[in-house]
Each structure stands twice: as C-alpha cells, then as structure tokens.
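The structure appears below as structure tokens.
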2 protein chains.
Amino acid sequence: MTASPTPTAALAFAHHDHAHCVGEVLARAEAASLARGARLTPVRRRTLEILLESHRAMGAYDMLDRLAAEGFGKQPPVAYRALDFLVEQGFAHRINRLNAFTACIHPGEDHAAAFLICRACNAVAEAPAARVRAALDAAGAEIGFTVERATVEALGLCPTCRTAA
Amino acid sequence: MTASPTPTAALAFAHHDHAHCVGEVLARAEAASLARGARLTPVRRRTLEILLESHRAMGAYDMLDRLAAEGFGKQPPVAYRALDFLVEQGFAHRINRLNAFTACIHPGEDHAAAFLICRACNAVAEAPAARVRAALDAAGAEIGFTVERATVEALGLCPTCRTAA
DNA sequence: CAAGAGATGTAATATCGCAACATATGGACT
DNA sequence: AGTCCATATGTTGCGATATTACATCTCTTG
C-alpha cells in the first residue's frame, strides 16, 4: 500500500491561493524557527517546501524518494527526522490513519486541527477544531485526564464525491 | 517498538468491576452477533476475551502470540482478521497512535468514543465522546464534508501520573 | 582553536500489515 | 443424505512502515 493519495487528490476541498500556501507559510515557518531558536536547516526546509508544494498527504517514503533525488540522504531516518522536526514545531501534522504527513495550513496559530479524509478520493482537508478540542478537554477533565495533544481524524465524503454519488 | 503498554498499565483510570467487563461485555457481544447474523466463532470470541481480560491496548502481534499459544493459527492474518471483525462489529476499537486494539467498554451503544492515552504510563481510557463527535460533525458540515467515522485520540497525563509529577 | 551539542548520513533490522492461495466448515437446497 | 455455495481458517510470502546504533560533519560557544 502506498500511503499517499492519488496524484490528483487535492489537499483542501475549497479553492485557495496555492502560491500563498507555499510562500507565506514557508516565510512564517522561517520566522517562527528563528524566534524559537530552532534550526530550519536545508533538508528540513526543503521537506516542508515539498509538503507544501505537493499539497497533499505524503508518506515518509514518498518524501524520502524526493529528498534522495535531490541529493539528500537515501535512508529512512532522513525523511523521518525532518518530518518529525516539522511536526514538533507545528509546521506539519501527522495523519495516523494514512501513515502520512501534511503541511500545516496555519502554523503558529491556535493549532487545534481536525482532518477530514474523503474515503472516495483520498483528499485531506485540515479543519479548524477549536470546538472539538474544547469538547475533548472537557471529556478528559471529567475523569481527571489532562489533554496535551489530540489527534482528530474523520473519514467520510467530501462535497465533490458526495454529489457524484 | 512494542505496541502494547507496560504490563501494569490499566485500561481505565477509574476503578471498575473487572469481572463485569469480561462477562457482561462478552455476553452482549454474543447477543449482538446472533441478532445481526454475524458469527462469533471460537477465534473471534477468544480474541475478544483476551482483549477484555488483558484490559489494555494490545498490538496485533501480541494477540497473535496469545492465539498461537492456544492452538490457533500462527500467522499474522489470524490475528488481524479476528481483530478486524471485532472492530467492524463495534466490539473493539483500533488505536492508530499505538498500532493497537482495545475492547469496547460499551458495545452496541451510542458509540462515539474518544481515547485518552497517558504518555507516562501508557494507560488507555475510553471516554464518551458524543459532544466531541457533534463538534466534529459541525466542523465538517461547514465545508460540506459528511463525517462517517471518527478517530479521536488524546495524548496527555492520567490523574495518577499527574499527581506523581 | 578546542570542546560540546546538534544535525546528517548510513547500515542493518525490527515491526506492522496485507494479498493470494489452499483447505476446511457450516448451512441451504435438492 | 448429498451437493453446492458462502464464509471462515490457515499458510506462504512479501511489501510498507519505522527505529536503533553508529560514524561523521558542522555549527556555536567559550
């Protein structure tokens, strides 16, 4: 199984300015790294860039192929380390259900995200999830559990595939 | 990495009647299978029983070891098929973050569940998540996405580990 | 410049999960 | 009963995913 969706699968269902995603988000990541003292090194930066350009969920090994083709290391840890860094910094998300990663659309912000995965076309959208997170915090609080990080992934039908069916 | 938590990791943080979990839940699963025309065969039944007895998240290969030791098949599909059946029927849940499975505490009911995973002791609790689910449905609806199944997994600190720290 | 921390690269291997196929089991129907 | 069919079980073998361990390099700091 290849973790990444079909090549035509768009990340978000709604239209948006793609150049904005790549340029602006990259700039923000750079600023945030600087501010935090984190090092956005060439591999890491390029990894984020590829994630942003591809604009869909990518498996670690897909990323590794891309990186290797550009002269970076050829072994799995190269991709995993770069991706882990991006996730730690909040520049990317890991989607467990797909064993894949996506760039974060709004790094540095609020940062409770939910992923909506279309089971028909594999497209993945990142939805704001402040309310979902609040409900989860409340559910945890009831039994004394402190929620630190949450993974929220929904499987269903995107607008396009829904009307098609 | 072994997917299963430490042996001492309890499934739920709150106390509860363990015999109840095993006996009653198993009986319910049996009734539900009968009603639905699903076949709770020996491997499947035993798999659920082991899940209930162990009372924590178990990896598929851990389950395979148990099953093989009891005379069932020794190959991975044996465990995966039984576990998949249980998940399909709503008798168990898959926890993606841990590559593991747990028995469902209240099969047949409402059935929107969230998992609270303690990052210190690896204990896993299943929390009712009707509200979380409602918020997620709403977030999806805003962009026309229909949520069918949701995976909600929170990482944090359980009451015990929290006070210990 | 020397020392230490962190980043990168590689090899080897562990772990997870599935497709494909053969065989057995249990009903439904003559 | 006997035949047929759907479903379940068991096996081989493989592919995909992920990590550990270790060597090397590169910054940064004193």
Side-chain angles (χ1 to χ4, degrees), chain A residues 1-5 29-30 33-34 36-48 50 57-89 91-102 122 151, chain B residues 1-5 29-30 33-34 36-48 50 57-89 91-102 122 151:
Chain A
M1 173 193 66
T2 286
S4 62
E30 214 136 351
S33 295
L34 201 64
R36 258 177 256 167
R39 293 167 56 186
L40 190 60
T41 60
V43 218
R44 292 170 174 175
R45 191 195 146 96
R46 186 63 190 133
T47 300
L48 177 53
I50 289 171
M58 287 184 73
Y61 278 71
D62 295 334
M63 180 60 74
L64 180 57
D65 288 344
R66 297 288 310 269
L67 293 173
E70 296 183 16
F72 295 102
K74 302 177 184 358
Q75 304 301 322
V78 171
Y80 281 104
R81 283 196 289 232
L83 289 165
D84 287 348
F85 170 85
L86 297 176
V87 170
E88 260 170 40
Q89 298 297 318
F91 303 153
H93 295 285
R94 172 174 198 128
I95 301 183
N96 273 305
R97 178 154 227 142
L98 304 176
N99 290 328
F101 300 81
T102 58
N122 266 319
T151 299
Chain B
M1 172 193 69
T2 287
S4 63
E30 215 136 348
S33 294
L34 200 64
R36 261 177 253 166
R39 294 167 55 188
L40 190 61
T41 60
V43 217
R44 291 168 175 176
R45 191 194 145 94
R46 186 62 190 133
T47 300
L48 177 54
I50 289 170
M58 287 185 72
Y61 279 70
D62 294 334
M63 181 60 73
L64 180 58
D65 287 344
R66 298 288 310 269
L67 293 173
E70 298 184 15
F72 295 102
K74 302 176 182 0
Q75 304 303 321
V78 171
Y80 281 106
R81 284 196 288 233
L83 290 165
D84 287 348
F85 170 84
L86 297 177
V87 170
E88 260 170 40
Q89 299 296 319
F91 303 152
H93 295 285
R94 172 173 199 126
I95 301 186
N96 273 303
R97 177 155 226 141
L98 304 176
N99 291 328
F101 301 81
T102 58
N122 266 319
T151 300

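For the numbers below, each heavy atom of this structure counts, side chains included, while hydrogens, waters and symmetry mates do not. The chains referred to below are lettered A, B, ... by the order of the sequence lines, with proteins before strands, and numbering in each begins at 1. Bear in mind the structure is a predicted one, so any value in this text is a computation, not a measurement.
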Measure the distance from [atom1] on [X] to [atom2] on [N] and round it to the nearest whole Å.
| X | N | atom1 | atom2 | answer |
| --- | --- | --- | --- | --- |
| B/Phe85 | C/dG17 | CZ | P | 20 Å |
| A/Asn96 | C/dC16 | CG | P | 14 Å |
| B/Arg97 | D/dA18 | CZ | P | 13 Å |
| B/Asp84 | D/dT9 | CG | P | 12 Å |
| B/Leu64 | C/dT15 | CG | P | 14 Å |
| B/Tyr80 | C/dT15 | OH | C1' | 8 Å |
| A/Asp62 | D/dA18 | CG | P | 11 Å |
| B/Asp65 | C/dA14 | CG | C1' | 14 Å |

* Looking at A/Gln75, does any N or O in its side chain come under 4.0 Å of the phosphate oxygens OP1/OP2 on C/dA11? ->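 Checking A/Gln75 against C/dA11: at least one side-chain N or O falls below 4.0 Å of OP1 or OP2.
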* Distance below 4.0 Å between B/Asn99 side-chain N/O and C/dG17 OP1 or OP2 ->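 Yes, B/Asn99 has a side-chain N/O under 4.0 Å of OP1/OP2 on C/dG17.
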* Just jot down the side-chain hydrogen bond (donor to acceptor under 3.5 Å, both in side chains) partners of A/Thr151, sequence neighbours excluded, or say none. =>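 If we apply the side-chain hydrogen bond (donor to acceptor under 3.5 Å, both in side chains) test to A/Thr151, skipping adjacent residues, the hits are B/Arg97.
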* Asked: Considering residues at least two apart in sequence or located in another chain, which fulfil the side-chain hydrogen bond (donor to acceptor under 3.5 Å, both in side chains) criterion with A/Arg66?
  ->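 Result, side-chain hydrogen bond (donor to acceptor under 3.5 Å, both in side chains) vs A/Arg66: none returned.
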Counting side-chain heavy atoms from C-beta on, which of [options] comes nearest to [X]?
| X | options | value |
| --- | --- | --- |
| A/Ala60 | C/dG9, D/dA18, C/dG17 | D/dA18 |
| A/Pro77 | D/dT12, C/dA11, C/dG9 | C/dA11 |
| A/Arg94 | D/dT11, D/dA18, C/dT10 | D/dA18 |
| B/Thr41 | C/dA7, D/dA8, D/dT12 | D/dA8 |

* Would you indicate what A/Arg44 reaches in the nucleic acid, counting non-hydrogen atoms under 4.0 angstrom: base, sugar-phosphate, or nothing? =>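 Here A/Arg44 touches the backbone only, sparing every base.
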* Pairs in or reaching into residues 67-77 of chain B: which pass side-chain hydrogen bond (donor to acceptor under 3.5 Å, both in side chains), with residues at least two apart or in two chains? ->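 Residue pairs passing side-chain hydrogen bond (donor to acceptor under 3.5 Å, both in side chains), neighbours aside: B/Arg46-B/Glu70.
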Spacing of [atom1] belonging to [X] relative to [atom2] belonging to [Y], to within rounding of 0.5 Å:
| X | Y | atom1 | atom2 | result |
| --- | --- | --- | --- | --- |
| B/Leu34 | B/Leu40 | CG | CG | 10.0 Å |
| B/Arg94 | B/Thr102 | CZ | OG1 | 11.5 Å |
| A/Phe101 | A/Thr47 | CZ | OG1 | 10.5 Å |
| B/Leu48 | B/Phe91 | CG | CZ | 7.5 Å |

* **Residues forming a side-chain contact (heavy atoms from CB on, under 4.5 Å) with A/Arg81, sequence neighbours excluded** =>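 Per chain and number, A/Arg81 pairs via side-chain contact (heavy atoms from CB on, under 4.5 Å) with A/Pro77.
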* To do: Evaluate the criterion side chain to side chain contact (heavy atoms under 4.5 Å, CB included) for residue pair A/Tyr61 and A/Tyr80; output intermediate values, then yes/no.
  => CA-CA 9 Å; A/Tyr61 278 71; A/Tyr80 281 104; 3.6 Å; yes
* **Five-pair end axes of the helix from C/dC1-D/dG30 to C/dT30-D/dA1, angle between them (10°)** =>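 One end's axis against the other's: 30°.
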List, with names and distances, any nitrogen or oxygen atoms from the protein found under 3.5 Å away from nitrogen or oxygen atoms belonging to nucleotides 22-29 of chain C.
none

* **Check: C/dG17 base within 3.5 Å donor-acceptor of B/Tyr61 side chain** =>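 A donor-acceptor contact between them is present.
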* **Check: A/Arg81 side chain, C/dG6 base, donor-acceptor under 3.5 Å** =>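 Checked by distance alone, the answer is no.
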